[in-house]
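We use all heavy atoms of the structure for the numbers below, so side chains are in, but hydrogens, waters and symmetry mates are not. Residue indices begin at 1 and follow the sequence shown.
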Amino acid sequence: MSQRARKARIVIAWVLLVGSAIGWPITALTVANDEPQFVLGLSWLAIILSSAELLTSSQVHAEQGKENNGG
């Protein structure tokens, strides 16, 4: 994977992480206030966990790349 693609992946993961952390309470209080809050929370939590996993795997890939390149 190119350096540019790695950076794009990290930016997307951060946008998803921050956006979902902000979006969860906003949707819970506005457009989805009559939805079951547990199910709504699970849906948002799935996005948060996926973005955190993406950030972690990107960090591992970056560290492995440094080790393989002698840096």
Side-chain angles (χ1 to χ4, degrees):
M1 182 182 296
S2 72
Q3 185 68 18
R4 187 174 185 185
R6 283 189 187 119
K7 286 183 181 182
R9 183 177 174 171
I10 291 170
V11 168
I12 290 169
W14 274 112
V15 168
L16 283 172
L17 184 63
V18 172
S20 57
I22 293 169
W24 181 356
I26 289 173
T27 57
L29 296 172
T30 58
V31 296
N33 61 353
D34 55 345
E35 295 293 325
Q37 292 301 305
F38 181 73
V39 175
L40 180 68
L42 284 177
S43 300
W44 281 107
L45 187 60
I47 298 170
I48 290 170
L49 291 175
S50 296
S51 59
E53 181 182 0
L54 186 58
L55 283 170
T56 303
S57 65
S58 296
Q59 182 181 7
V60 168
H61 285 288
E63 289 175 5
Q64 286 178 347
K66 288 179 184 178
E67 289 175 5
N68 291 338
N69 291 332

Hey, are the side chains of Ile48 and Trp24 touching, using non-hydrogen atoms and a 4.5 Å cut-off?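 Answer yes - side chains close enough.
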Just verifying a value: how many Å separate Leu16 CG and Leu55 CG, rounded to the nearest 0.5 Å?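 So the gap between those two atoms works out to 9.0 Å.
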Nearest-0.5 Å distance, CD1 of residue Ile12 to CG of residue Leu54: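 Output value for this atom pair is 8.0 Å.
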Excluding sequence neighbours, so at least two apart, what forms side chain to side chain contact (heavy atoms under 4.5 Å, CB included) with [X]?
X: Leu40; answer: Thr27, Ala28, Ala32, Gln37, Trp44
X: Ser43; answer: none
X: Val15; answer: Val11
X: Leu49; answer: Leu45

For Gln59, all residues meeting side chain to side chain donor-acceptor pair (under 3.5 Å), sequence neighbours excluded: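 Scan of Gln59 (side chain to side chain donor-acceptor pair (under 3.5 Å), adjacent residues dropped) gives Glu63.
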Among pairs that include at least one residue of residues 45-57, which meet side-chain hydrogen bond (donor to acceptor under 3.5 Å, both in side chains), considering only residues two or more places apart or in two chains?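 The answer is Arg9-Ser57.
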Any link between Ile47 and Ile26 through a network of hydrophobic side chains (Ile, Leu, Val, Met, Phe, Trp, Tyr) touching at under 4.5 Å?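 The answer is yes; both residues are in one hydrophobic cluster.
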In the hydrophobic clustering that connects Ile, Leu, Val, Met, Phe, Trp and Tyr at side-chain heavy-atom distances below 4.5 Å, which members other than Phe38 occupy its cluster, ordered by chain and number?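 Joined to Phe38, directly or through intermediates: Leu42.
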